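Just so we're clear, the structure is a prediction, and the values are computed from it rather than from any experiment. Proteins come first, then strands; the chains are lettered A, B, ... in the order of their sequence lines, and each starts at number 1.
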Number of protein chains: 2
Amino acid sequence: MRARDLVAPFPTVGLDTPVVEAARLLADQDLPGLIVVDERDLPRSILPGTQVLRLAVPTYCQDDPALARVIDEAHADAFLRGMQGRTVRECLPPEPRELPVTDPDATVLELAALMARTRSPLVAVVEGGSLVGAVTLQALLDRMFTV
Amino acid sequence: MRARDLVAPFPTVGLDTPVVEAARLLADQDLPGLIVVDERDLPRSILPGTQVLRLAVPTYCQDDPALARVIDEAHADAFLRGMQGRTVRECLPPEPRELPVTDPDATVLELAALMARTRSPLVAVVEGGSLVGAVTLQALLDRMFTV
């Protein structure tokens, strides 16, 4: 079994997609994460759901649990408004990282190791300069237990 | 809205649960991760799905993409067998980390910041020395977009 047997179409967002729209896509389609594509429709970044969430959390609260606690309920519920007007481009992690991207020949073991190493519950599959789709952790686990 | 409004019962595994059983639970119930409890039924570790997957990948392949690629298909499909006989206890990350655990009073902002910081798509909720359940990333996102 190879990546080509597990890959499925996966929605993408662009660098200019509003953060609110990206988060809504994640919520509505129950996705494990998002593929951010560049102008050539190739993966520029792959964000696990928790890192999409990071886009919605004000910077001053991310590393200060005490501060997030004292901000009262009304403010906390309103933090979505902080996402307004921001695009995905503005929120990508600055440091270059290994992207969970592979090709259709990747083995199950390779997919699993890549997901574990990059902590990404989805791997984008690229072939011949085009994005084919993604293999999700769930798809991989499902196949591991049905073979 | 607080953690108490978003928390739901969540299955747990013990330190002596076989790794195969833990991975199967994740696959069968489509969970974002697992809560590993200690003898007192309190969270000892919380493993995102990708880190449960790590338990299934032989150590010698985790950090060597080239090795995972050259191992042929038959071997890759068989790597589940490497999990046989191992328990969750043997596979937990050695270093102590901040656990994504909170109490029922946590605000939405606090939950979001905790998930983002610990890269965990689930947060365990503990009250009065007992595990109440978990808030998942999906539950949090769903509520963010329906308020």
- Would a 4.5 Å heavy-atom cut-off, applied to side chains only, mark A/Leu111 and A/Leu6 as touching? yes
Decide yes or no on side-chain contact (heavy atoms from CB on, under 4.5 Å) for A/Thr50 and B/Arg119, but give the supporting numbers first.
CA-CA 6 Å; A/Thr50 55; B/Arg119 298 180 162 258; 4.2 Å; yes
* **Side chains of A/Pro104 and A/Arg2 in contact at under 4.5 Å (non-hydrogen atoms)** => no
Point to revise | Close side-chain approach of B/Leu25 and B/Glu21, heavy atoms under 4.5 Å | key: no
* Counting N and O atoms only, with roles assigned by atom type, does the side chain of A/Glu90 sit under 3.5 Å from a partner on the main chain of A/Thr87, one being a donor and the other an acceptor? -> yes
Residues of residues 30-45 of chain B with a heavy atom under 4.5 Å from any heavy atom of chain A, in residue-number order, are B/Asp30, B/Leu31
(request) Evaluate the side-chain proximity of B/Leu140 to B/Val108: yes if any heavy-atom separation is below 4.5 Å, no if none is. (result) yes
Okay, A/Thr102 and chain B: the region with an atom under 4.5 Å from a heavy atom over there is side chain
Give the intermediate values and the outcome of side-chain contact (heavy atoms from CB on, under 4.5 Å) for residues B/Val132 and B/Val126.
-> CA-CA 5 Å; B/Val132 181; B/Val126 170; 6.0 Å; no
Ranked by heavy-atom pairs below 4.5 Å to chain B, first place among A/Thr118, A/Leu137, A/Asp28 goes to A/Leu137
